[in-house]
Amino acid sequence: MSRTRMRLVALATCLMLLLPVLAACGGTSSTSGGSSANTIKVGLVTDTGGLNDKGFNSLANQGLQKAKSELGIQADVTQSTKASDYVPNLTNFASRGYNLVIAVGFLMASAVGQVSQQYPNVKFALIDSTPADAKGNSVTRSNVTSLLFKEQEAGALVGILTGMLEKQGKTPKKSHIVGAVGGQKIPPVDHYIAGFQWGVAKEDPSAKVLVAYSDEFSDPTPCANKTDTQISQGADVVFQVAGGCGLGVLTEGGKKGIYTIGVDTDQSASDQSVIASAVKRVETATFDAIKSVKDGSFQSGTVLFDLKNDGVGFVKGNLPVPADIQTEIDSVTNQIKSGAVTVPDTVKP
Amino acid sequence: MTASTAPARPESEAAATSPWVERLRRVGRALALPAGSVVLAFLIGAVLIALAGGDPLASYEALACGGFGISCFGGETPALQISNTIEFITPLLMAGLAVGVAFRAGLFNIGVQGQLILGAIFATIVGLRLASLPGVILIPLLMLAGVVGGALWAGIVGVLKAFTGAHEVVTTIMLNYVAYNLLNYLLINGPMQAPNSSQISLPVGQNAQLPTLIPQEGLFFGQPGGAYHASIGIFIALAAAGVYAFLMRRTALGYEIRAVGQSQRAARYAGISVRRTIIVTMLISGAFAGLTGGLMIAGGSLHYLYADLKFDTTGFDAIAVSLLGQNVAIGVVLSAILFGALHAGGLVMQSDVQISSHIVEILQAVILFSLAANFLRSLKLRLPSLGREPAKPDGMEAAQAALQAEVGSTAAAEGDGRA
Amino acid sequence: MAILSQLLQVLVSGDFWQLALRDGALLALPALGGVLSERSGVTNIAMEGMMLTGAFFSVVAALSFHNPWMAVIVAMLAGGAMALIHAFISIRFRADQIISGFAINIAAVGLTTFLNAKLSNFRGLQQVDPSGRLPTINVPLLDNIPFLGQVFFQQNIIVYVSLALLAIANLVLFRTRLGLRLRAVGEHPEAADTAGINVYRLRYGAVIMSGLLSGLAGAFLAIGIANIFNDNMTSGRGYIALAAMIFGKWTPWGAFVACMIFGVGDALAASTGVINVPQYFLQMVPYVLALVVLAGLVGRSTPPAADGIPYTPGGE
Amino acid sequence: MSTEVRADRPAAPGGEAPYAIEMRHIRKAWPGVVANDDVNLTIRKGEIHALVGENGAGKSTLMNILYGLLKPDAGEILINGQHAHISGPRDAIVRGIGMVHQHFMLIPVFTVGENIVLGREPVENGDFYDRSEVDTRIRALSDEYGLHINPDARTGDLPVGLQQRVEILKVLYRGADILILDEPTGVLTPQETHDLFAVLRGLVRGGKTIIFITHKLKEVLEISDQVTVLRRGKVIGTVRTKDTNEEEIARMMVGREVLLRVDKAPAKPGAAALRVEHLTVNTEQGLPAVRDVSLELYAGEILGVAGVEGNGQSELVAALAGMLKPRSGRIWIGDRDVTEEGARHTRHAGLAHIPEDRRGAGLILSFSIAENTIFGHQRDAAFALRGMVLRLHEIYAWARRLIKQFDVRTPSEETPARALSGGNQQKVIVAREMATQPKVLLASQPTRGVDIGAIEFIHRRIVEQRDAGAAILLVSAELDEIRSLSDRIAVMYEGKIASIEPPDVPEERLGLLMTGGGGRQTHPAAS
């Protein structure tokens with residue numbers, strides 16, 4: 001009996017050790033790298049939100065997939081499940097000679113700063129931030145392009161709409177109180193909110209803008225709850241700036257009969273209450289970055305996406321925009337585009 | 001009851017075997033089931049991958065590449081993959097020990113994540129405040145700070161359990177949430193937020209970072225040295241595993257911890273202070289957890305504190321690591337290697353063959369199911385020696401022992417085998 | 001002082017308590033599931049996973065059937081299926097129930113994330129349109145009562161269901177034959193077995209009930225509150241429910257009291273803009289409160305005598 | 001009401017079948033052990049049939065098979081002449097078989113009524129438990145059999161004798177015709193045993209059949225009509241009680257001549273080794289257990305403590321051993337006041353303790369034998385450097401020595417204690433506690449649940465310790481054990497020492513003292 005057991009243990013151990021080796025033996029014939037050497041290889045690394053985040057990870061992936069089908073590149077994705085995955089994931093693509101590695105999210109700034117330095121021949125695109133050095137300071141690297149958005153300009157336009165509606169008493173409660181629910185307190189989120197504050201104040205100086213952060217991007221409940229509180233404080237228009245969590249803002253607003261504003265992409269289909277969306281065309285930015293590598297026009301430094309180049313914008317929702325308001329929005333749009341006005345990007349307390 | 005009919009095991013078997021053979025056999029017995037569970041899980045995983053439209057063989061090749069640096073056909077550098085895996089193993093092993101030591105005393109520490117966060121906070125503070133100290137002094141201080149932070153957090157649990165009986169599952173979960181909010185407070189417009197950023201602290205300086213296994217300058221295996229992040233942290237973790245083994249097997253304290261985990265009544269009989277042992281155990285558990293936090297700051301690829309640490313799953317993965325390793329040092333080491341490799345491999349698997357890395361979580365679950373349920377027992381009819389040993393973590397036998405005492409079974413070992 | 005008056009202002013608002021009750025009732029479902037499972041002698045830490053699975057499948061079903069009731073049924077079945085795995089492994093294979101429960105939680109994360117990506121082509125499942133959402137029911141007349149009307153009679157239908165289930169479970173557990181037998185099985189399975197009670201059937205039933213209830217909670221979360229599925233959206237609620245169950249000493253009402261502490265906590269967290277305390281300290285309050293109450297008032301919680309011990313007939 | 005319960009049972013085949021139960025060629029084996037080997041057992045209707053054998057002889061296995069808790073590997077069962085397939089207790093109950101288990105199948109947190117009706121609960125309005133109906137039925141049943149009990153008392157609060165009454169009522173409530181009683185007298189006083197026998201005789205007169213499992217030969221002779229002896233899983237024989245005697249049954253049980261008396265020389269008491277003054281101890285739950293007890297225990301004597309379980313013996317021992325803090329009073333070992341010392345230092349002062357709960361306190365079942373041989377001494381210099389690092393080499397050597405000296409049957413010192421038989425487990429404890437040559441030895445139920453061979457061995461060792469000058473406090477529920485080993489006998493009743501008697505005190509007087517000096521022991525729940 002004991003001998004049988006010993007043999008079994010031995011067998012199991014050998015199997016364990018051998019499995020990978022066998023796998024290795026089985027496949028030694030295949031060559032490393034892709035079959036066609038001149039195919040552009042692009043790797044996308046998501047932040048911990050993952051591809052299903054209904055926010056910038058998902059949008060970046062859409063841009064990548066579009067590039068795959070339209071430009072014929074090789075497109076591979078890795079999802080990070082922890083913050084400590086960022087560097088290994090970026091390195092994984094960089095070390096294998098990918099032409100472009102796309103990092104999605106503000107929180108990957110220092111990871112990109114680190115890896116891009118080690119792989120100067122690999123190009124990087126970082127969405128929402130500039131790379132940071134070991135001390136956490138923003139740096140420029142010759143192989144990194146930072147895709148930054150002037151979210152405040154999109155925020156300003158939905159703010160104009162909101163302010164006008166409040167001023168004209170066309171909001172559900174005519175309360176002159178509006179709200180914004182952010183996900184995490186990070187610059188891209190705050191830019192939106194700052195623009196929104198500016199827009200609202202411009203049209204209805206008496207209006208109050210409530211601001212809250214949910215500290216959550218995936219669970220919609222905290223966002224719905226924050227919305228609830230803002231509604232009970234009198235808010236009748238709430239702007240969501242919290243990705244997947246913020247979808248809770250939209251439905252909660254719909255339930256309570258107020259207006260809501262979507263973010264990043266046209267979210268008017270999400271709920272009837274969505275009167276407009278402040279969009280940020282991450283998919284376009286991603287696509288453009290890939291295209292620039294493909295056609296050799298890649299430039300390091302910062303690429304700014306704003307109203308002028310249609311990188312951010314205003315999209316109508318389920319409420320017909322009255323002509324006077326539309327006129328005002330158009331005029332502010334032109335002023336911003338022309339540089340006549342500058343929208344602030346820091347949230348006022 | 002009935003089991004009292006079973007006499008002692010026949011002596012003939014024993015007389016013939018030397019202690020070494022006995023010991024070897026015991027190791028084999030302990031390893032056979034987990035190993036079998038892993039193999040079984042991979043078979044089931046292959047079916048899942050095929051169902052999802054993937055190629056199981058290619059997927060496992062990528063997994064093995066990412067995990068162990070073997071069978072790499074996508075242009076990966078094996079050494080780099082191994083380095084990544086080591087980087088992932090380190091905190092898992094350390095945190096697995098934290099869970100394990102508590103399990104040994106019959107305590108279920110779900111709060112390793114919170115303790116780890118406290119450890120990381122303390123370590124970061126020391127790393128930043130004493131940045132001018134040389135590494136040989138700063139690094140030990142930083143680790144010590146982590147230990148203190150974690151032990152403090154877990155110590156609350158121990159004290160509450162010992163003096164009020166408050167259930168550790170509740171208190172650890174509560175303290176996790178307190179720790180998450182503390183972390184948020186510090187990093188979001190709080191005292192530790194980096195000046196030009198949000199959600200993160202400043203990184204600790206070079207002096208506070210653990211030396212990496214491969215020099216940071218120059219090319220190694222075709223890759224820049226800086227790409228290799230595996231640090232001597234792995235040796236710290238392995239040393240901790242050694243300490244754990246020594247503590248459990250060779251010290252009176254470990255003996256007492258195990259006794260308390262098996263039967264508090266018996267411990268009292270032996271003159272062991274149950275309260276003191278519970279508190280000490282939680283302090284040790286928290287120290288391991290806090291050291292994990294210290295290692296994450298001083299080792300790894302990010303040397304700063306970040307708010308997303310609250311969404312990090314290390315403290316929970318560690319529970320699986322500890323359970324799979326049956327709370328034995330060598331078992332925890334092996335299962336940390338397995339889980340670390342699976343995690344690293346999953347990332348590569350997704351990038352190479354576009355099979356979602358979440359399949360790895362399903363694999364982990366199947367491994368645990370298979371281990372817990374001991375499916376291999378069904379093979380017992382054919383192979384009578386397999387599956388006799390109960391695959392039960394040491395610390396959780398207490399209740400069973402109590403029951404057996406109650407029903408008067410004397411041949412529980414046989415009973416387990418039979419069951 | 002300003003803080004106190006702000007706090008007071010929050011505490012007397014109907015909105016606050018409406019929210020607290022909703023989240024308390026949400027947590028009460030998995031907590032109740034845990035109570036039933038553990039009362040029957042099967043340790044259950046898998047509520048998180050069962051809830052997440054329920055949430056996912058409720059959205060899948062709501063998107064395909066545009067009917068919340070179908071979605072609720074599908075969610076409960078999904079939660080029940082996860083529970084069945086736990087039951088099968090715990091009861092039939094006499095597994096360590098902590099390992100099994102933990103594996104359920106891991107499996108649920110992997111499975112739902114994997115399927116979410118698969119079904120939505122990596123975009124995440126869409127939002128549930130109003131036809132697929134669980135309705136809020138305003139009880140006629142009663143909903144006009146000041147304050148109380150808003151808190152108790154303007155709630156999502158599942159809140160009423162949850163409260164009713166709590167009352168029913170309490171009655172069943174402590175007043176009926178079924179409850180007596182269930183408790184007997186959890187206290188002393190041999191005694192129950194020798195009295196001719198089918199230990200396994202009751203244990204299977206109770207564990208599956210915990211899955212159905214957790215699945216229902218998942219549906220409530222996904223198509224009653226959020227109307228969407230996001231990866232890992234339960235974010236630890238199952239563990240909070242586990243804590244509530246222990247806190248409440250394995251009784252339905254005790255667990256509910258604990259759930260209400262966390263419901264109030266959620267409502268407090270939502271009120272961060274109103275009360276002038278750093279947000280994160282405010283959000284700590286419920287957890288610190290639970291710690292203090294547990295340590296000071298509740299003390300030792302003793303599980304059912306046979307909780308977590310697999311049963312083998314004949315005394316081995 | 002009992003007619004209703006009986007209604008769903010197949011009709012008895014009338015008087016023509018003489019046997020209530022026939023078990024034929026029953027075999028049951030575990031890996032490596034044959035618990036029942038081709039066992040044949042025939043029980044006549046209306047008789048009291050004693051089933052005797054040593055621990056581990058297979059009695060309980062056989063009865064668990066009959067009750068459906070275990071499945072036999074082979075063999076058949078006939079009940080009232082009809083083949084019966086019993087796949088669970090439910091089948092057994094339906095066929096009129098009831099079992100009173102040695103370890104009570106009672107749920108401490110349930111009321112008496114709930115325990116009795118469990119599985120056959122009267123309900124109203126659907127599924128609601130009908131408490132008043134339960135009370136009515138139990139009252140009726142109590143009156144019928146003269147077994148009085150309060151149905152609303154919490155079962156865990158009752159003394160053991162009353163708990164047994166609940167068990168019997170449980171069986172009767174289910175309308176059992178055939179009652180299996182597994183070691184029913186182990187926990188009873190002589191009076192309670194006497195009362196139980198009266199009840200059993202009454203039941204037989206009322207047409208019941210009783211199978212009585214025991215290892216107490218006197219009781220076999222007193223109550224049974226037939227005796228079947230099992231040894232190592234086999235039936236050695238079935239004899240009519242009238243035609244046999246104690247010695248013959250003992251020989252059949254053990255397979256050799258058995259010395260039923262302990263040989264010992266008269267005690268030579270020395271100085272007081274243990275002094276207790278006005279000791280008052282509460283249970284862990286805070287209920288008074290020991291009330292103002294004073295005693296002196298001399299070197300070289302065995303003081304037996306007799307008493308019904310639950311009269312403070314356990315708490316007295318726990319307090320002496322330093323496991324329970326006394327509320328008041330003082331304890332000295334020699335000249336050292338150990339009242340506040342705790343278990344560890346009390347042990348250092350020269351006290352050893354064989355605990356009553358072998359598996360729950362005396363051993364850690366998952367620990368190896370070697371580890372168990374230092375249990376309580378794990379920080380002693382002999383086994384741990386500076387009290388911290390275990391000296392494995394010394395520990396293993398120590399364990400091997402004890403195994404040899406005390407004849408522990410084990411494959412090796414690294415075998416987990418769980419794998420040993422009850423007798424060998426107890427030998428490990430006895431070895432550990434005696435090997436330190438204690439000044440004071442507390443021996444609590446030292447032979448409970450171990451086989452005759454081990455009992456003899458342990459008794460001999462206890463006497464040896466006495467002769468070597470140890471002061472021994474022996475607590476046992478077995479009056480025979482107390483009477484044959486003790487030099488003096490202290491009787492405990494309700495936390496006090498009722499009297500100290502010489503060893504040759506008549507059993508009747510002991511019984512009287514154990515129950516409060518004369519009257520029947522009454523409990524509020526019994527009325």
Side-chain angles (χ1 to χ4, degrees), chain A residues 1-2 4-6 8-10 12-13 15-16 19-21 23-24 26-27 30-34 43 48 76-89 91-97 106-107 109-111 114-115 117-119 132 134-138 184-187 190 213 215, chain B residues 13 17 24-25 28-29 31-32 35-36 38-39 57 60-61 64 68 70-71 73-77 80 84 87-88 184 188-189 194 196-200 202-203 223-224 226-227 229 296 300-302 304 306-309 311-314 344 347-348 350-352 354 356-357 383-386:
Chain A
M1 175 166 108
S2 59
T4 325
R5 183 181 298 148
M6 291 277 287
L8 261 168
V9 172
T13 317
L15 265 178
M16 280 289 292
L19 260 181
V21 179
S30 57
T31 53
S32 64
T48 51
D76 294 323
V77 183
T78 309
Q79 302 186 72
S80 306
T81 54
K82 311 172 180 184
S84 51
D85 292 348
Y86 294 153
V87 171
N89 279 344
T91 309
N92 179 26
F93 284 128
S95 70
R96 289 153 64 189
F106 168 80
L107 295 171
S110 88
Q114 210 179 100
V115 180
Q117 193 174 26
Q118 287 149 8
Y119 293 94
K135 290 205 167 60
N137 296 321
S138 173
Q184 285 165 303
K185 188 166 174 56
I186 50 176
D190 273 357
Y213 299 90
D215 285 306
Chain B
E13 189 191 334
T17 52
L24 254 177
R25 199 191 299 162
R29 235 181 285 154
L31 278 182
V38 171
V39 173
L57 187 65
Y60 284 159
E61 278 173 7
F68 297 107
I70 32 188
S71 71
F73 310 123
E76 297 89 345
T77 305
L80 190 60
N84 284 346
E87 195 186 325
F88 290 128
N184 275 344
I188 304 175
N189 283 348
N196 299 320
S197 195
S198 179
Q199 308 268 332
I200 57 175
L202 281 173
Q223 303 295 338
H229 293 282
M296 288 170 96
S301 52
L302 308 171
Y304 50 80
Y306 46 93
D308 269 2
L309 202 53
F311 299 131
D312 186 294
T313 53
T314 304
L347 301 176
V348 171
Q350 180 162 27
S351 72
D352 277 20
Q354 299 300 313
S356 166
S357 52
L383 309 162
S385 60
L386 201 65

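Heavy atoms of A/Asn89 lying under 4.5 Å from chain B belong exclusively to its side chain. Using a 4.5 Å cut-off between heavy atoms, A/Asp190 does not touch chain B at all. Neither the backbone nor the side chain of B/Ala194 has a heavy atom closer than 4.5 Å to any heavy atom of chain A. The contact between A/Thr48 and chain B is made entirely by side chain atoms (from C-beta outward), counting heavy-atom distances below 4.5 Å. Neither the backbone nor the side chain of A/Val115 comes within less than 4.5 Å of any heavy atom of chain B. A/Gln184 touches chain B through backbone and side chain together, each having a heavy atom under 4.5 Å away.
Residues A/Asp76 and B/Gln354 bring a donor and an acceptor atom of their side chains to less than 3.5 Å of each other.
Between B/Ser197 atom OG and A/Phe106 atom CZ the span is 3.5 Å, to the nearest 0.5 Å.
A/Gln114 approaches B/Ser301 most closely through the heavy-atom pair NE2-O, 3.0 Å. Residue B/Asp308 comes nearest to A/Tyr86 through the heavy atom pair OD2-OH, 4.1 Å, listed as atom of the first residue, atom of the second, then distance. Shown here for A/Ala83 and B/Leu302, the closest heavy-atom pair between the two residues is O-CD1, 3.4 Å.
Looking at A/Arg96 and B/Gln223, their side chains never come closer than 4.5 Å, going by heavy atoms from C-beta outward. Using a 4.5 Å cut-off on side-chain heavy atoms (C-beta onward), A/Asn92 and B/Leu347 make no contact. The closest side-chain heavy-atom distance from A/Ser110 to B/Tyr306 is not below 4.5 Å. B/His229 places none of its side-chain heavy atoms less than 4.5 Å from the side chain of A/Pro88. Counting only heavy atoms from C-beta outward, the side chains of B/Pro224 and A/Gln117 never approach each other to under 4.5 Å. Residues A/Tyr213 and B/Asn184 have side chains not in contact (no heavy-atom distance under 4.5 Å, counting atoms from C-beta outward).
A donor-acceptor pair under 3.5 Å is absent between the side-chain atoms of B/Gln350 and the main chain of A/Thr78, judged by distance alone. Checking side-chain atoms of B/Ser198 against main-chain N and O of A/Lys185 turns up a donor-acceptor pair under 3.5 Å. Judged purely by atom type and a 3.5 angstrom limit, A/Gln118 uses its side chain to pair as donor or acceptor with the backbone of B/Gly226.
Comparing A/Leu107, A/Asp85, A/Ile186 by heavy-atom pairs within less than 4.5 Å of chain B, the highest count is held by A/Asp85.
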